[in-house]
Amino acid sequence: MIHRLLAARIENDQALVRVRDRTRQVGDVFGLDNLQRTRLITAVSEIARNAVQHAGGGQIEFFFREESENTPQALIVRISDQGPGMDVAALPANGQRADGKTMLGIAGSRRLVDHFDIESSPGKGTRVALEMQRGHAQPIIGRADLAPLMEQMARRKSQTPVEELEQQNREMLLTLEELRLRQTELEKADERKDEFLAMLAHELRNPLSAIGTALELLKRKRNASEADFQRLGDLMTRQTAQLTRLVNDLLDVSRVTRGKIDLTLTPVLLTDLIDHALESTHGIITARHHTLAYTPPAEDMWIYADNLRFRQILGNLLHNAARYTPEHGRIAIRVAREGQRAAISVEDNGIGIEAGMLPRVFDLFAQADTSLGRQDTGLGIGLTLVQRLLKLHRGSVEVHSEGLGKGSRFTVYMPLLEVDEAARAPQVELVHAETPPPAPPQQVSGSRILLIDDNVDAVHTLRQLLEDAGHVVAEAHTGERGLAVAELFTPNVVVIDIGLPGIDGFQVAQEIRAQPATSASLLVALSGYTSDAMQQRGRDAGFDRYLTKPADIEALEGMIRDR
């Protein structure tokens with residue numbers, strides 16, 4: 001909803017002083033920062049001056065737009081006149097002249113605001129709308145807050161031209177200082193990006209090196225025992241899981257940053273989420289010989305949460321606590337009620353966080369120590385995911401540490417549901433439902449399964465796993481060969497890689513779906529391509545399910561069992 005704040009006439013140069021002053025007051029009261037305020041004042045001043053010079057005056061109106069699902073809170077300024085109008089199509093779209101210099105007036109103002117809209121035609125006047133969005137860090141302004149803010153603006157006195165000039169000079173100095181600070185922040189962000197890429201290469205090479213060494217060892221052991229296979233197999237499983245976790249974190253932080261994450265919020269018992277998170281991190285906690293103390297809540301606590309993503313939040317915090325605490329350390333997780341919200345704290349006696357790092361600990365790619373001698377590194381994205389996923393859950397997270405060597409404590413806050421409210425609350429979908437977690441493994445009945453993938457090693461290992469589970473499996477390494485095998489083999493399940501040589505997996509799926517003998521087969525896409533657009537193409541091509549490489553065997557078996 002849009003609320004009209006105030007309006008005024010623009011008749012002469014003296015009125016322009018009042019317009020700039022009023023724009024400054026509105027921006028200040030409604031929480032624009034120095035740079036936003038200066039940009040909006042400049043844009044309004046340019047448009048208003050055009051109205052005076054070319055139309056003999058006009059009207060200015062200020063509006064406040066409430067937040068909605070698709071739009072943030074914003075200030076909107078509309079300036080209209082009854083002048084000669086103009087040919088809007090002739091205005092440079094980027095606000096620059098042919099010589100590359102920035103223009104002022106209407107064309108230049110377009111570059112200063114978050115959204116710019118103009119309506120004009122010769123002889124019918126001009127109407128310009130300027131929008132400046134409030135920062136995400138600013139507290140939300142509710143409808144009840146508008147009246148006090150309007151009263152606050154009404155009490156402010158107008159400035160004289162001299163005071164206006166002095167104010168402009170002060171704001172220019174503040175803006176220049178803010179621009180210098182932002183330049184410094186961008187330079188630091190660029191440094192963190194370079195450090196991140198170096199660390200990513202390091203983090204990926206470590207498990208790949210371990211897997212390669214284990215495979216080489218198996219090749220050289222002529223009489224490898226069952227114990228050798230078990231030990232080296234466990235090693236490769238752990239390292240593969242670490243690689244998968246790194247890739248998934250990278251994909252998740254990309255989705256969250258672009259606003260593409262999908263959540264399904266349902267009433268969930270908080271202790272169930274914590275139990276799952278403890279189970280998923282049991283391996284690393286045990287491997288590092290930590291002592292874990294869990295203090296559950298004194299009462300049942302229900303929250304609205306996406307089951308899978310909230311377990312990921314807690315799992316990231318527990319994983320960090322285990323990783324950044326020297327062996328034989330202590331980890332404590334406590335849950336308590338604080339008013340109408342739950343407080344879940346994860347505390348350790350590990351390496352701690354230095355004071356200078358605390359304000360940046362949730363920044364993307366932020367790392368406390370990037371020296372080559374550091375034992376535990378990470379990519380600097382886990383805590384960013386925690387904070388941004390919690391924001392989508394309407395929760396928050398805080399960090400506390402007394403300094404290096406003194407451990408750290410992360411506290412997650414989530415609004416609580418009352419028990420009766422949780423019982424009657426319907427499922428709430430924010431965007432689209434996540435794929436539900438796979439069912440517990442059960443004995444699967446034999447199916448006729450065709451694997452189509454050009455990665456021969458991957459096909460052989462997946463085939464062996466499925467055959468060990470009692471299925472009859474055939475394979476093909478090109479799309480054309482896959483279609484020929486499907487016609488003879490008549491599978492009831494087909495697992496197809498998307499990036500095939502020759503015809504791709506989408507075309508293969510369409511052809512298999514079009515054949516009468518396989519029209520009802522379960523088609524499963526197995527691919528490293530995970531974008532929403534690719535998954536939509538998969539659905540359009542006839543795929544029933546879409547799995548991300550490396551294959552989640554339990555999820556695949558669940559699909560086969562439930563077909």
Can you tell me if Gln340 has over 12 outside heavy atoms packed within less than 6.0 Å of its CD? no
Crowding at CD, Gln82 (>12 non-hydrogen neighbours, <6.0 Å): no
[X] vs [Y] side-chain heavy atoms within contact, under 4.5 Å:
| X | Y | answer |
| --- | --- | --- |
| Gln59 | Asp81 | no |
| Gln133 | Val113 | no |
| Arg409 | Val346 | no |
| Ile344 | Tyr413 | no |
| Asp21 | Arg24 | yes |
| Asn320 | Asn316 | no |

How close do [X] and [Y] get, heavy atom to heavy atom, and via which atoms?
| X | Y | answer |
| --- | --- | --- |
| Val29 | Leu149 | CG1-CD2, 3.5 Å |
| Thr411 | Ala343 | CG2-CB, 4.2 Å |
| Met150 | Leu5 | CE-O, 2.8 Å |
| Arg37 | Asp28 | CD-N, 3.6 Å |

Between Asp544 and Arg513, does any side-chain N to carboxylate O distance fall below 4.0 Å? yes
Side-chain donor/acceptor of [X] to backbone N/O of [Y], under 3.5 Å:
| X | Y | value |
| --- | --- | --- |
| Arg65 | Pro72 | yes |
| Arg337 | Gly339 | yes |
| Ser401 | Ile353 | yes |
| His3 | Leu146 | no |
| Thr38 | Leu35 | no |
| Asp504 | Gly499 | no |
| Asp145 | Gly142 | yes |
| Arg134 | Phe30 | yes |
| Gln53 | Asn50 | no |

For the residue pair Asn307 and Thr266, confirm or rule out a side-chain donor-acceptor distance under 3.5 Å. no
Is it true that the side chains of Thr126 and Ser120 contain a donor and an acceptor less than 3.5 Å apart? yes
Measure from NZ or CZ of Arg78 to the centre of the six-membered ring of Phe63 and say whether it is under 6.0 Å with the direction within 45° of the ring axis. yes
The test is side-chain contact (heavy atoms from CB on, under 4.5 Å); show your working for Leu390 and Val386 and say whether it passes. CA-CA 6 Å; Leu390 274 169; Val386 166; 3.9 Å; yes
Output, in order, the C-alpha distance, side-chain angles, deciding distance and verdict of side-chain contact (heavy atoms from CB on, under 4.5 Å) for Tyr294 and Thr271. CA-CA 11 Å; Tyr294 171 33; Thr271 49; 3.9 Å; yes
Dump the intermediate steps for side-chain contact (heavy atoms from CB on, under 4.5 Å) on Gln387 and Leu383, then the final yes or no. CA-CA 6 Å; Gln387 185 189 53; Leu383 290 177; over 6 Å; no
Start with the C-alpha gap between Leu269 and Met301, add the side-chain angles, then the distance that decides, and say whether side-chain contact (heavy atoms from CB on, under 4.5 Å) holds. CA-CA 6 Å; Leu269 191 61; Met301 291 185 178; 5.8 Å; no
Should the ring pair Phe543 and Phe506 be called parallel, tilted or perpendicular, given that the plane angle runs from 0 to 90° and is split at 30 and 60? perpendicular
